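All remarks here apply to the structure that follows.
All values reported here derive from a predicted model rather than from experimental measurement.
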Amino acid sequence: MDGEIESEELRSLLEADEARVVDIRSPAAFRRGHIPGSENVPFPSIVENVERFADADRIVTVCPHGKSSVQAARLIASYEGFDGQVESFEPGLSGWDGELADGEPETMTADEGPDAPF
């Protein structure tokens with residue numbers, strides 16, 4: 001893992017289309033609101049989907065409060081086939097001061113089950 005970033009840096013990355021934002025919450029939580037342009041890969045499915053990130057230059061993981069996203073970033077960074085930069089969004093979605101999108105996940109990789117506690 002390459003560290004944590006704040007809202008201003010994430011906003012700049014999104015504007016320049018320089019990072020892949022991976023929201024690790026449940027599909028139901030993602031539908032209720034997420035950072036525009038992010039993709040949904042629920043935390044329990046990170047390991048089985050980690051090879052999807054192999055070609056990414058930069059990834060930012062997002063969770064509700066910036067705690068679980070650190071673990072997700074570490075998992076992605078530890079993948080042998082990943083050579084890019086991976087960071088956690090430090091304040092979490094609760095600290096995002098930009099707009100939120102709602103609706104279906106752009107990428108849904110896990111079966112939709114009961115809502116996680118986040």
Side-chain angles (χ1 to χ4, degrees):
M1 184 176 102
D2 297 298
E4 296 180 292
I5 65 171
E6 299 284 336
S7 291
E8 187 175 312
E9 186 174 1
L10 179 56
R11 188 174 290 105
S12 294
L13 290 172
L14 288 169
E15 288 172 3
D17 197 25
E18 293 180 350
R20 216 167 139 177
V21 179
V22 178
D23 188 318
I24 64 166
R25 297 173 303 140
S26 71
F30 187 86
R31 276 194 304 273
R32 287 191 296 272
H34 55 271
I35 295 171
S38 61
E39 61 185 285
N40 185 223
V41 181
F43 187 80
S45 67
I46 290 284
V47 172
E48 65 194 48
N49 288 287
V50 72
E51 64 189 36
R52 290 180 33 198
F53 306 119
D55 64 343
D57 292 326
R58 191 167 188 182
I59 293 174
V60 178
T61 56
V62 176
C63 71
H65 303 288
K67 306 297 183 217
S68 298
S69 60
V70 170
Q71 294 174 333
R74 287 183 180 146
L75 282 170
I76 294 168
S78 70
Y79 175 57
E80 259 183 51
F82 180 74
D83 294 324
Q85 184 174 352
V86 61
E87 298 152 311
S88 170
F89 182 50
E90 192 275 325
L93 192 62
S94 63
W96 176 248
D97 57 1
E99 68 178 62
L100 292 176
D102 59 8
E104 290 299 315
E106 291 180 23
T107 305
M108 191 179 311
T109 58
D111 291 335
E112 194 169 340
D115 260 351
F118 42 87

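- Of all heavy-atom pairs between L93 and G33, the closest is CD2-O, 3.6 Å.
- The environment of D97 atom CG is dense: over 12 non-hydrogen atoms of other residues, nucleotides or ligands sit within 6.0 angstrom.
- In this structure, E6 and F89 approach most closely via the heavy-atom pair C-CE1, 3.5 Å.
- Cluster membership check: I46 does not share its hydrophobic cluster with V70, using side-chain heavy-atom separations under 4.5 Å among Ile, Leu, Val, Met, Phe, Trp and Tyr.
- Listed by first and then second residue, the side chain to side chain donor-acceptor pair (under 3.5 Å) pairs involving residues 85-96 are R58-E87, H65-S94, S69-S88, Q85-E87 (not counting sequence neighbours).
- Contact between G98 and R11 at its shortest, heavy atoms only, is N-NH2, 3.6 Å.
- The hydrophobic cluster containing V62 also contains I5, counting ILVMFWY residues as joined when their side-chain heavy atoms lie under 4.5 angstrom apart, directly or transitively.
- When hydrophobic clusters are built by joining Ile, Leu, Val, Met, Phe, Trp and Tyr residues whose side-chain heavy atoms come closer than 4.5 Å, directly or via intermediates, V60 is grouped together with L100.
- Atoms CD and CG, on E4 and L10 in that order, are 13.0 Å from each other to the nearest 0.5 Å.
- Nearest heavy atom pair, residue E39 against residue F30, reads C-CE1, 4.0 Å.
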Worksheet item: When you look at R52 and R20, which way does the side-chain contact (heavy atoms from CB on, under 4.5 Å) test go after all the steps?
Response: CA-CA 11 Å; R52 290 180 33 198; R20 216 167 139 177; 4.1 Å; yes
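- The nearest pair of heavy atoms linking D23 to H34 is OD2-CB, 3.8 Å.
- Each of I24 and V21 belongs to its own hydrophobic cluster when Ile, Leu, Val, Met, Phe, Trp and Tyr are linked at side-chain heavy-atom distances under 4.5 angstrom.
- C63 and K67 get closest at one heavy-atom pair: SG-N, 3.4 Å.
- Residue F43 is grouped with residue V86 when hydrophobic side chains (ILVMFWY) are merged at heavy-atom distances under 4.5 angstrom, including chains of intermediate members.
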Using residues 72-81 as the side-chain source, report each donor-acceptor pair under 3.5 Å to any protein atom, sequence neighbours left out, with the distance given to one decimal.
unit_1: S78; atom_1: OG; unit_2: R74; atom_2: O; d: 3.4
unit_1: S78; atom_1: OG; unit_2: L75; atom_2: O; d: 2.8

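- Using modelled atom types, one side-chain atom of S7 and one backbone atom of G95 make a donor-acceptor pair closer than 3.5 Å.
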